[in-house]
There are 2 protein chains.
Amino acid sequence: MVRAGLTTERLVQAGAELADEAGFDAVTPSALARRFDVKVASLYSHLKNSQDLRTRIALLALEELADRAADALAGRAGKDALTAFANAYRDYAREHPGRWAATRLRLDPETAAASAGGRHARMMRAILRGYDLAEPEQTHAIRLLGSVFHGYVGLEAAGGFSHSAPDSQESWARALDALDALLRNWPTS
Amino acid sequence: MVRAGLTTERLVQAGAELADEAGFDAVTPSALARRFDVKVASLYSHLKNSQDLRTRIALLALEELADRAADALAGRAGKDALTAFANAYRDYAREHPGRWAATRLRLDPETAAASAGGRHARMMRAILRGYDLAEPEQTHAIRLLGSVFHGYVGLEAAGGFSHSAPDSQESWARALDALDALLRNWPTS
DNA sequence: CCACTTGCCTAAATCTTTTAGGTAGCTGCA
DNA sequence: TGCAGCTACCTAAAAGATTTAGGCAAGTGG
């Protein structure tokens, strides 16, 4: 009996890969056990249950995404920062569709608080330092930015923009142009 | 043996209600059978399988949403139309979270083509008639609008904006102000 | 009122999730 | 080196989901 060397981290990592290959919905203890050529029950020493597995993958993805975004943001400001951050977001979703889907999992408040969600928010606030927005408009702007990133990537992933002109890449570039223009000229209420 | 009076439509309708109450993920043949106090196998005369059920709920939701949006749009133009349309979208998602989640189901191309998706796109284009945008900028703008609506509602549904100031309602209003300003003053590339 | 249709049934196969308890392999200490 | 103990992975089993096949009885049309 050769041991497979299971650990929680290895399982979560493999779960993330499985999500990218077969979709986040396909990430189940059974599928994961097959991948490790191990009996399903063996996973339960490392994972609480199916939901625990998915939550851990979501947390992993949020961290990875935050890392990438932080790298992209380093040393940039203004529209340059906005574009780099947004592209990091979109590229991650395109490279890792399953993990990106995982980031949309609804986390319970305490788990969410311990997640990389806060880093994401702080980075967005950092981008806005390049524009001149005081509170509460800054928060409104952050929420709008988040909505556009989330929404665009989601629609693109769902195939909404494929097979129709103009190219999605072009729309994305124009959306970032538009957001930059909007932030430089934020309307007063 | 009193018959329950199952039909495909009744099952889909009940499935939509179940989705709103317990989440779209909770919509399964078993759960639906329990709701009708009927054996699971009995559903399979009316539904092809579990995926068929979900797809039908998604199509129902897309139709309902298009109907509401069309009502909201009637007789309006410009920012008035934009606001009414956007609010129809957001209100539907808040009133029917499960159905709204269903609209995000990835449909295969032919099913998508037969869905109300086209109506949604045409309505967005109608809104843009109140602004001065020629192709291809019009398409870019539609994609941006869709992203904001989709993204904002999604983040709101995921609890992203709750428990933090300012109020989500306020951010939503400011997002619509911003979109209106952006469309009136669309940046050239 | 009889025959036909069909709505809902039972039965069964297969798969998933999860818990309980056992055995074999690894680690550490003498 | 050899044994003690830990733990990684196992078997077994319960409970529930999905789906197919085939049967009976309630409704409908002649």
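The structure presented is a predicted model; accordingly, all values stated were derived computationally and were not measured. Because only heavy atoms are used, hydrogens play no part in the values below, and waters and symmetry mates are left out as well, while side chains stay in. In the text below, chain A, chain B and the rest are named by the order of the sequence lines, each starting its count at 1.
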Could you list the residues that satisfy salt bridge (charged side-chain N to carboxylate O under 4.0 Å, His left out) with [X], not counting sequence neighbours?
X	answer
A:R76	A:D80
A:E110	none
A:R184	A:D180

Can you tell me the distance, in whole Å, between the [atom1] atom of [X] and the [atom2] atom of [N]?
X	N	atom1	atom2	answer
B:L43	C:dT10	CG	P	13 Å
A:D25	C:dC15	CG	C1'	17 Å
B:L6	C:dT5	CG	P	21 Å
A:D52	C:dT17	CG	P	13 Å
A:F36	D:dA8	CZ	P	14 Å
A:L32	C:dT17	CG	P	10 Å
B:L11	C:dC8	CG	P	9 Å
A:R54	C:dT18	CZ	P	10 Å

* **Ion pair check, A:D91 and A:R68, cut-off under 4.0 Å** => no
* Sugar-phosphate atoms are those with a prime plus P, OP1 and OP2; base atoms are the rest. Using that split, label each nucleotide of nucleotides 18-23 of chain D B, S or - for protein heavy atoms under 4.0 Å, 5' to 3'. => SBB---
* Output yes when at least one side-chain N/O atom of B:H46 is less than 4.0 Å from OP1 or OP2 of C:dC8, else no. => yes
* To do: Give a yes/no on whether any side-chain N or O of A:R34 is located under 4.0 angstrom from OP1 or OP2 of C:dT16.
  => yes
* Asked: Who are the side-chain hydrogen bond (donor to acceptor under 3.5 Å, both in side chains) partners of A:R54, not counting sequence neighbours?
  -> none
* To do: Scan for side-chain hydrogen bond (donor to acceptor under 3.5 Å, both in side chains) pairs involving residues 27-36 of chain B, sequence neighbours excluded, and state none if there are none.
  => B:E21-B:R35
